[in-house]
Amino acid sequence: MRAFQRIALLGSTGSIGESTLDVIARHPDRLGVFALSAFSRMEKLAEQAAATGAALVVVPDDAAADRFRQAWRGAGARPAIRVGAQALAEAAADPGCDTVVAAIVGAAGLPSSLAAARAGKRILLANKEALVAAGSLFMAAVRDNGAELLPIDSEHNAIFQCLPHGSRASAPTEPAAGVRRLIVTASGGPFRGRDPDTLHAVTPEQACAHPNWSMGRKISVDSATMVNKGLEVIEAHWLFAMPADRIEVVIHPQSVVHSMVEYHDGSVLAQLGQPDMRTPIAYGLGFPDRLQSGVGMLDLVRWGRLDFEAPDLRRFPCLGLCFDALRAGQGACIALNAANEVAVAAFLAGGLAYTRIAPVIAQALQWQAGRPSVTLGGLEDVLGLDAETRAHVLEWIGRAAA
Ligand code: NAD
Ligand code: MG
């Protein structure tokens with residue numbers, strides 16, 4: 001059994017954050033919380049810090065720090081409070097933790113995820129946007145600093161579990177021997193069966209009503225548009241060193257088969273389970289042991305049947321755009337991710353129609369392809385293009401609304 005792990009849980013108030021705390025609380029003998037972070041909901045953060053005995057919390061600004069102090073009701077010592085994005089990266093690299101759970105949503109999670117890799121931590125990665133925007137930089141940091149990378153996005157966790165044991169290196173540079181392709185499953189989201197011509201009036205509540213998974217609002221919209229699956233294809237490309245043409249997406253509405261690995265001999269290995277993120281999270285926290293996660297048994301007889309179908313790119317144009325971006329290169333992936341984050345935030349705020357999300361992303365890809373190419377070697381370069389894309393997209397959306 002591994003030694004006691006001290007965990008920095010970044011994004012603790014989110015959906016992944018709460019599922020992670022649920023698993024941690026089941027294993028006080030081997031898992032403890034060192035640090036927690038949140039961007040909003042300071043009352044929730046104070047409650048979590050009191051319950052776990054965290055030594056440190058990271059909050060976005062001084063006003064949030066004040067709210068945290070006011071909300072603190074813990075019986076023990078109040079945790080140290082650090083403020084700002086730099087403090088997040090420092091918490092991820094702090095010698096006080098062994099394991100970092102990267103559960104911040106969006107490219108905002110990139111600097112702290114990268115800091116964890118550079119500090120050689122065990123990283124449980126939920127923050128897929130970090131890999132989309134900076135896959136090559138992040139994977140090199142994992143390799144060069146002896147970090148241990150365990151994917152907890154359910155599809156990638158499934159693939160990780162189905163790969164040959166010897167080849168589950170933390171940052172492979174070529175596809176695992178014997179593997180023909182990866183088959184990534186997708187639920188198809190709430191609009192799988194809808195006529196695309198009826199989607200213009202979709203509301204945020206409808207888009208966030210996922211049939212199988214309960215998740216944060218941004219990833220819920222991404223699941224409805226299937227941007228999420230596209231981001232996951234890019235994520236799989238980096239995690240498993242797999243070329244785009246050896247990654248297939250299959251719609252599987254029940255979300256019971258979490259993904260598959262096909263071998264050259266025709267064998268296909270799949271990981272199945274209830275759609276509950278505590279399974280992949282427990283896998284990452286326990287690796288290589290298996291921990292109780294609180295997830296119940298899979299009743300295949302109750303399911304009776306499992307269905308599979310090809311994704312319809314007319315219904316889900318964003319999925320095609322993600323493959324385009326992966327083939328075009330890193331600049332395109334950064335622009336795609338940034339444009340999507342801005343478009344989804346605008347949609348959730350009532351300032352952009354659901355059916356405009358795909359055209360906004362397409363426009364950002366065109367804009368990026370037409371600008372002089374720049375080197376994207378370092379974090380600053382990535383964040384620079386990310387910020388530039390966001391500014392343009394905000395302007396396009398504003399102009400269209402005016
Ligand atoms: P969420 O919105 O529920 O939670 C996000 C967390 O990040 C919150 O704690 C929030 O306070 C924090 N945060 C938000 N913006 C921030 C910023 N600018 N700076 C610092 N912190 C910030 O999101 P979620 O559903 O838990 O998803 C988190 C990540 O995990 C995403 O990258 C998502 O794609 C990935 N993921 C989620 C699920 C799921 O089931 N929810 C599954 C697979 C992967
Ligand atoms: Mg997923």
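In listed order, ligands and their atoms are each counted from 1.
The shortest heavy-atom distance from Gly17 to ligand 1 is not under 4.0 Å. Every heavy atom of Lys218 sits 4.0 Å or more from the atoms of ligand 1.
Among protein heavy atoms, the minimum distance from atom 19 (N) of ligand 1 is reached at Phe39 CD1, 3.4 Å. In this structure, the protein non-hydrogen atom closest to atom 3 (O) of ligand 1 is Ser15 N, 2.9 Å. Considering only non-hydrogen protein atoms, atom 34 (O) of ligand 1 sits nearest to Lys128 CE, 3.1 Å. The single protein non-hydrogen atom nearest to atom 25 (O) of ligand 1 is Gly216 N, 2.9 Å, given as residue, atom name and distance. Scanning the protein heavy atoms around atom 26 (O) of ligand 1, the nearest turns out to be Ile16 N, 2.9 Å. The protein heavy atom nearest to atom 29 (C) of ligand 1 is Ile104 O, 3.7 Å. Protein heavy atom nearest atom 44 (C) of ligand 1, with residue, atom name and distance: Asp153 OD1, 3.6 Å. Looking at atom 28 (C) of ligand 1, its nearest protein heavy atom turns out to be Ala103 O, 3.4 Å.
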Arg371 and Glu388: CA distance, side-chain angles, deciding distance, salt bridge (charged side-chain N to carboxylate O under 4.0 Å, His left out) verdict: CA-CA 12 Å; Arg371 70 199 278 284; Glu388 209 185 318; 2.9 Å; yes

Working for salt bridge (charged side-chain N to carboxylate O under 4.0 Å, His left out), residues Glu18 and Arg278: CA-CA 10 Å; Glu18 296 217 78; Arg278 291 177 300 175; over 6 Å; no

Yes or no on side chain to side chain donor-acceptor pair (under 3.5 Å) for Asn228 and Lys128, after CA distance, side-chain angles and deciding distance? CA-CA 9 Å; Asn228 183 51; Lys128 64 192 82 184; 2.6 Å; yes

Check step by step if side chain to side chain donor-acceptor pair (under 3.5 Å) holds for Ser170 and Glu148. CA-CA 5 Å; Ser170 270; Glu148 189 179 14; 5.5 Å; no

Using the side chain to side chain donor-acceptor pair (under 3.5 Å) rule, take Gln70 and Asp66 through it: C-alpha gap first, then chi angles, then the decisive distance, then the call. CA-CA 6 Å; Gln70 281 157 20; Asp66 283 341; 5.9 Å; no

Under the side chain to side chain donor-acceptor pair (under 3.5 Å) rule, what do Glu235 and His156 come out as? Steps first, then yes or no, please. CA-CA 8 Å; Glu235 185 185 9; His156 307 78; 3.2 Å; yes

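Each of Glu155, Gln161, Met260 was compared with Gln271 under the side chain to side chain contact (heavy atoms under 4.5 Å, CB included) criterion, and only Gln161 meets it.
Under the 4.5 Å side-chain criterion, counting only non-hydrogen atoms from C-beta, Ile334 is in contact with Gln330. Looking at Leu131 and Ile234, their side chains never come closer than 4.5 Å, going by heavy atoms from C-beta outward. Contact annotation: the side chain of Ile16 never approaches that of Asn127 to less than 4.5 Å [non-hydrogen atoms, C-beta and beyond].
Interface atoms of ligand 1 facing Gly11, defined by a heavy-atom separation under 4.0 Å, are 6 (C), 7 (O), 9 (O). Below 4.0 Å from some heavy atom of Asn127 lie the following atoms of ligand 1, by number and element: 32 (O).
Looking at Ala126 against ligand 1, both its backbone and its side chain come within 4.0 Å, counting heavy atoms. With a 4.0 Å heavy-atom cut-off, ligand 1 is reached by the backbone of Ser12 but not by any atom from C-beta on. When non-hydrogen atoms are compared, ligand 1 lies under 4.0 Å from the side chain of Glu129 (C-beta onward) but not from its backbone. Under 4.0 Å from ligand 1, the heavy atoms of Met277 that appear belong solely to its side chain.
Shortest distance from the Mg ion (ligand 2) to Glu232 is reached at OE2 (N/O/S atoms only). Among heteroatoms of the N, O or S kind in Asp153, OD1 lies nearest the Mg ion (ligand 2). The Mg ion (ligand 2) lies closest to atom OE1 when only the N/O/S atoms of Glu155 are considered.
How far SG of Cys322 is from CD of Glu232: 10.0 Å, rounded to the nearest 0.5 Å.
Under a 3.5 Å cut-off, the side chain of Asp299 and the backbone N or O of Arg302 do form a donor-acceptor pair.
Nearest to atom 9 (O) of ligand 1 by heavy-atom distance, out of Ile281, Asn228, Thr13, is Thr13.
Below 3.5 Å of separation, one finds no N or O of Ser154 facing any N or O of ligand 1. Polar contact check, Ala108 against ligand 1: no nitrogen or oxygen pair lies under 3.5 Å apart.
Classification of the Trp396-Trp367 ring pair by plane angle, with boundaries at 30° and 60°, yields perpendicular.
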